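Single-structure report; data block below.
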Number of protein chains: 2
Amino acid sequence: MNRFLSHATNRIDAKGRVSVPSSFRGVLATLDIRELYCFQDFVFPAISAGGPELLDRFERQIAGEDPFSPQANEMSLLIHGGGVFMKLDQEGRLMVTDFIRDFTGITNEVTFVGRADHFQLWAPQVFQETQAAARQERRLRGLRPG
Amino acid sequence: MNRFLSHATNRIDAKGRVSVPSSFRGVLATLDIRELYCFQDFVFPAISAGGPELLDRFERQIAGEDPFSPQANEMSLLIHGGGVFMKLDQEGRLMVTDFIRDFTGITNEVTFVGRADHFQLWAPQVFQETQAAARQERRLRGLRPG
DNA sequence: CCAAATCCCATTGACCCCCATATGGTCCCA
DNA sequence: TGGGACCATATGGGGGTCAATGGGATTTGG
């Protein structure tokens, strides 16, 4: 599989590590991603993670603007100041640092959520509620599959 | 037959597996669908399942919008985070995971419901009631098939 | 020199391949 | 028309494999 799909919840162990779901690790291997670029999501209280080219994309977007514009400045504040590179250990586990905990509210468990070209780390409860709200709104707008 | 029709209820075994009705498997074979894209339905407490092109259709819909818009983000949360690929075992059975149980309320039995280009997994009781309610509403509005 | 991060190995349990059995329907023939 | 052979589907379960998890031992960095 070549994109991140579905969601799964894993436990954080006594050392503060959590296993990244095997299917996600498979995608990382397929895309030859060895290091994760993680940043505080722009919309949700979640950490988004993907390959380094994700950061490249953001930077190209900035480069297309006036480097002294408020937009470019703001964007850099988010993607540089709110981003970090992380690596998995050999069992495919990730350290859940305060960088992650503070922004997401994660404590004991992490819900991994696939987003096609990247995935996210959520506090389980928050994900449930946010997804339910999105579904509700979609229903009100009368949209359907197809 | 080239579309999913009718409904049937099958038992979940001790290992949490359930047989997909043979007629549905026949449709899958006809359409050359080897992997199921399953997602949490937008309207009903049911899991919808179809071929991978179902996801493609959703993604094309997203691609038509601003990728950073709240709508696109929300849609991705549902179809990527709320969707998963699943495969049948060689006997044509499906694992009933918590992903399915939590969203549908399914426990011992699954009602499979044909929806033309896809099919759905329901808790039997919920399906009965929802279908009865739909029939009732239709009657009140004085509408008839045809 | 201490605390934290990483390596390495063990355990547990879930999932999947494979084969066996049950159940119900259809067809054929006497 | 009734009985029985035959077949497809649904269901049950053994056992191997792999992912998630736990924790001791070693290294790294401040």
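This one's a predicted model, so the numbers in the text were calculated from it and none came from an experiment. So you know, we letter chains A, B, ... as the sequences are listed, proteins then strands, and number each from 1.
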Exercise. Answer yes or no: does atom CD of A:Glu53 have more than 12 heavy-atom neighbours from other residues, nucleotides or ligands under 6.0 Å?
Key: yes

Self-check item: The single option from A:His118, A:Gln120, A:Arg115 passing side chain to side chain donor-acceptor pair (under 3.5 Å) against A:Asp41
Solution: A:Gln120

Quiz item: Contact class for A:Val20 vs. all strands (heavy atom < 4.0 Å): base, sugar-phosphate, or nothing?
Solution: sugar-phosphate

Quiz item: What nucleic acid atoms does A:Ser22 come within less than 4.0 Å of, heavy atoms only: base, sugar-phosphate, or nothing?
Solution: sugar-phosphate

Quiz prompt | Rounded distance in Å - CE (B:Met86) to C1' (C:dA14) | solution = 13 Å

N/O contacts under 3.5 Å, protein versus nucleotides 4-7 of chain C?
unit_1: C:dT6; atom_1: O4; unit_2: A:Lys15; atom_2: NZ; d: 3.1
unit_1: C:dC7; atom_1: N4; unit_2: A:Arg17; atom_2: NH1; d: 3.4

Practice problem: Measure the shortest side-chain to side-chain distance between B:Leu77 and B:Glu74 over non-hydrogen atoms and say whether it is less than 4.5 angstrom. | Solution: no

Quiz item: So do the side chains of A:Val18 and A:Phe112 get within less than 4.5 Å of each other, counting heavy atoms only?
Solution: yes

Quiz item: Could you go step by step and tell me if A:Arg57 and A:Gln61 meet the side chain to side chain donor-acceptor pair (under 3.5 Å) rule?
Solution: CA-CA 6 Å; A:Arg57 236 195 294 161; A:Gln61 193 171 335; over 6 Å; no

Quiz item: Can you give the first and last nucleotides of DNA chain D, 5' to 3', that have an atom under 4.0 Å from a heavy atom of chain B?
Solution: D:dT9 to D:dG15

Practice problem: Run the ring-centre check on A:His7 versus B:Phe99 and record whether the distance is less than 6.0 Å. | Solution: yes

Exercise. Measure from the side-chain N and O atoms of A:Ser76 to the backbone N and O of A:Ala72, and report whether any donor-acceptor pair falls under 3.5 Å.
Key: no

Quiz item: B:Phe39 pairs by ring-ring contact (aromatic ring centres under 6.0 Å, His included) with which of B:Phe103, B:Phe58, B:Phe85?
Solution: B:Phe58

